[in-house]
Amino acid sequence: MPQIAQLLETYASQIFWMLVTFGIIYFGIARMMLPKVEATVDQRNKKIADDLATAEAARAEAEQLEEGGDKELVAARTEAQAKANAAKAKAAAATEKSLAAADAEIAEKMATAEADLAKATASAMASVESVASEAAADIVAKVSGVSITPAAAAKAVKAVMANG
Amino acid sequence: MATESGKIDPMYQFEIHPLVDFNLFGYDISFTNSSLFMLLVLGVIWIFMAGGMKRDIVPGRWQMAVEGVSGFVNNMMSSSIGPEGKKYVPFVFSLFMFILVANFMGMMPFGIVPGVHTFTVTSHFTITGILALMSFSIVLIVGFWKHKLHFFSLFVPHGTPWWLLWLIPVIELFSFMVRPFSLALRLFVAMMAGHVLMKVLAGFVINGINAEALWVAPLVSVPSFILMIGITMLELLVCAIQAYVFALLTSLYINDAVNLH
């Protein structure tokens, strides 16, 4: 086994070159180059984290804006609904009022017309009476030759009309 | 592979040969094939890391790979230790990358170039021992630095009944002291065993083909070759797992030192 057989002649050289090599690796590579590599990784990770944070902030802002927009939309809708309701109520009230007025007018007109009608009927009735009594007097005179007074004729007509 | 009188020595791959002789204060610190592969490992790690240094916000494939490895170690540290684990990322990253690349380097088929032999740095317990000692020392230093002598409470877990106080600390201390050995030996043995197995199977294939009896090649070489493909896959997996285990255990040990129990 050369490791043991050559131990005494080679240990100094092995240790010396080992320390030299390892020293260069440690001080030259691991302490000089490695931190730069790590710094690059850290820098990249930091950049990624920053970008992610920025994106997250932007998303939150957008969400907030959306929420605000929603609120405004709801408010506007409520307002519009209230206005519409008010307008509807107003219109209904106006219609009712004009309807009432028209009703009143119609009722008045009807009352007048009815009164006129009644008057006309009464006058007509009166003229019918007088015509009937004259006719009755004429008829009596022609048929019996008896002349009757217009008052008696009118009395007889009235009695008949009251019955009929 | 040294072929002496037709034999293939599966241990030859672990031998260290000096390439350039150096001497420092009487110590032989020659530049060896082992040192060469350590520098190769260093170069590969450097190229890998340098390729991911573009620092783009939208990473390319290479940068993605580098960031993946660094993120992997980072996650391991923060999940084992917590936010304080960040401090120890460079150390565990160095450990992980060195072991991983050294393991993979040992699997590279450089041997197809004649005269070139792949060397697995982590198959030597001198190397794995240093790595383990380093992580053990970090645990000790951090533990005593942060908790002073209170660090010894690590050996008395919460809820220990008073009548076991004579036994539990001894067991805990023992398991604590064994950590560097288990770290070093696990890696060293896994790498060495795998490479010996592969080399033995490769020997079967080659010797089977060279055998005088014609029935040996289909009966020995072919099954060995098929088995070798599977073993190679397994070894590649072991390379990554061993690096991960070493790094993970180190992070857990550091967690002991940072947070006690």
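Letters A, B, ... are given to chains in the order of the sequence lines, protein chains preceding strands, and every chain is numbered from 1.
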Filtered by a 4.5 Å non-hydrogen cutoff, the part of residues 72-83 of chain B contacting chain A is B:Asn74
Tell me, do B:Met53 and A:Thr40 make a side-chain contact under 4.5 Å, heavy atoms counted?
no
Side chain, backbone, both or neither: which part of B:Leu131 has a heavy atom under 4.5 Å from chain A?
side chain
Side chain, backbone, both or neither: which part of B:Thr126 has an atom under 4.5 Å from a heavy atom of chain A?
side chain
Looking at B:Met108, I want to see if its CE is surrounded by more than 12 non-hydrogen atoms of other residues, nucleotides or ligands under 6.0 Å.
yes
Chain A interface, residue from B:Gly129, B:Pro18, B:Ser30 that has the most non-hydrogen pairs under 4.5 Å
B:Ser30
Per-residue contacts, residues 12-37 of chain A versus chain B, heavy atoms under 4.5 Å
A:Ala12, A:Ser13, A:Gln14, A:Ile15, A:Phe16, A:Trp17, A:Met18, A:Leu19, A:Thr21, A:Phe22, A:Ile24, A:Ile25, A:Tyr26, A:Ile29, A:Ala30, A:Arg31, A:Met33, A:Leu34, A:Lys36, A:Val37
For B:Phe31, which atoms come within 4.5 Å of any heavy atom of chain A: side chain, backbone, both, or neither?
both
Pick from B:Met97, B:Met134, B:Gln63: which one has the most heavy-atom pairs with chain A under 4.5 Å?
B:Met134
Tell me, for B:Ile130 versus chain A, whether the close heavy atoms (under 4.5 Å) come from the side chain, the backbone, both or neither.
side chain
Run the side chain to side chain contact (heavy atoms under 4.5 Å, CB included) test on A:Arg44 and B:Glu67 for me, step by step, so that the C-alpha distance in whole Å, both residues' side-chain angles and the decisive distance to 0.1 Å come before the verdict.
CA-CA 11 Å; A:Arg44 179 181 314 125; B:Glu67 282 168 7; 2.9 Å; yes
Is the count of non-hydrogen atoms from other residues, nucleotides or ligands lying under 6.0 Å from B:Phe91 atom CZ greater than 12?
yes
Assess whether atom NZ of B:Lys146 is packed by more than 12 heavy atoms of other residues, nucleotides or ligands within 6.0 Å.
yes
Approximate separation, where rounding is to 0.5 Å, of B:Glu15 CD and A:Met1 CE:
13.0 Å
Go through the atoms of B:Phe14 and report whether side chain, backbone, both or neither lie under 4.5 Å from a heavy atom of chain A.
both
